[in-house]
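Below you'll find the structure, written out as structure tokens, and then a few comments.
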Amino acid sequence: HAAMMDRAKASLDMVDPGERNVSSLTVTVSRDTYRGVIERMDQFRTELHKFVELSGTPGEPREVYQVAMQFFPLTRQEASQMHVESGDSP
């Protein structure tokens, strides 16, 4: 994963903007929303793979592209705060 992330970073300088799409979104999520986002990312990855496999003309030259999705925390809650919010005792 790290190597592909390095290549994505390099593409910002090496690949024409018309041949790449780089975007990001910063959101706040609850634990339940986190699980839902992961499920939707999995569904999207599956749907996109099917779409790409069914698209194009047989024998047509194809370019190789990397599609990467990352979803990671930019902040960390304290463990005791998470227990309080979830109703668990520390």
Side-chain angles (χ1 to χ4, degrees):
H1 294 287
M4 282 298 167
M5 291 173 81
D6 289 342
R7 291 181 80 167
K9 183 178 177 183
S11 78
L12 295 174
D13 296 322
M14 298 172 49
V15 178
D16 184 274
E19 296 181 22
R20 63 175 164 79
N21 182 314
V22 177
S23 62
S24 65
L25 176 66
T26 302
V27 295
T28 58
V29 299
S30 66
R31 271 286 190 226
D32 289 338
T33 303
Y34 168 83
R35 286 186 281 273
V37 169
I38 296 301
E39 289 173 11
R40 293 186 89 160
M41 289 174 71
D42 290 344
Q43 290 170 356
F44 173 71
R45 189 174 31 253
T46 299
E47 290 171 13
L48 183 61
H49 188 252
K50 287 178 185 176
F51 170 77
V52 170
E53 289 299 310
L54 295 173
S55 297
T57 304
E60 177 184 319
R62 292 181 154 200
E63 295 289 334
V64 177
Y65 277 76
Q66 170 70 29
V67 177
M69 295 183 279
Q70 297 82 35
F71 185 59
F72 55 91
L74 296 176
T75 58
R76 286 278 183 203
Q77 290 185 327
E78 295 294 324
S80 60
Q81 183 181 358
M82 291 180 73
H83 288 293
V84 170
E85 289 177 1
S86 67
D88 296 338
S89 56

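Note that the numbering runs from 1 along the sequence shown for the chain.
Interatomic distance, NE2 of His1 versus CG of Asp6, reported as 13.0 Å (0.5 Å rounding). Of the inter-residue distances, the one linking Glu60 atom CD with Ser55 atom OG reads 10.0 Å to the nearest 0.5 angstrom. In this structure, the separation between CD on Glu19 and CD on Glu63 is 7.5 Å, given to the nearest 0.5 Å. Distance CD/Glu39 to OH/Tyr34: 11.0 Å, rounded to 0.5 Å. Taking CD from Gln43 and CD1 from Ile38, the interatomic distance works out to 12.0 Å, rounded to the nearest 0.5 Å. Annotation: the span from Arg20 atom CZ to Gln66 atom CD amounts to 15.0 Å, rounded to 0.5 Å.
Cluster membership check: Leu48 does not share its hydrophobic cluster with Leu54, using side-chain heavy-atom separations under 4.5 Å among Ile, Leu, Val, Met, Phe, Trp and Tyr. A chain of hydrophobic side-chain contacts below 4.5 Å, direct or via other Ile, Leu, Val, Met, Phe, Trp or Tyr residues, connects Leu25 to Met41. The hydrophobic cluster containing Met5 does not contain Leu74, counting ILVMFWY residues as joined when their side-chain heavy atoms lie under 4.5 angstrom apart, directly or transitively. Both Phe44 and Val29 are members of a single hydrophobic cluster when ILVMFWY side chains are connected at heavy-atom separations under 4.5 Å. Phe71 and Met69 fall within the same hydrophobic cluster, where Ile, Leu, Val, Met, Phe, Trp and Tyr residues are linked whenever their side-chain heavy atoms come under 4.5 Å apart, directly or through other members.
Taking every heavy atom of both residues into account, Ser23 and Asn21 meet most closely at OG-OD1, 3.8 Å. Nearest approach of Glu53 to Arg62, heavy atoms of both residues: O-NH2, 4.5 Å. Heavy atoms only, all atoms of each residue included: Ala8 and Ser11 are closest at O-OG, 2.6 Å.
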request  = Apply the test side-chain contact (heavy atoms from CB on, under 4.5 Å) to residues Tyr65 and Val52: give CA-CA distance (whole Å), side-chain angles for both, the deciding distance (0.1 Å), then the verdict.
outcome  = CA-CA 11 Å; Tyr65 277 76; Val52 170; over 6 Å; no
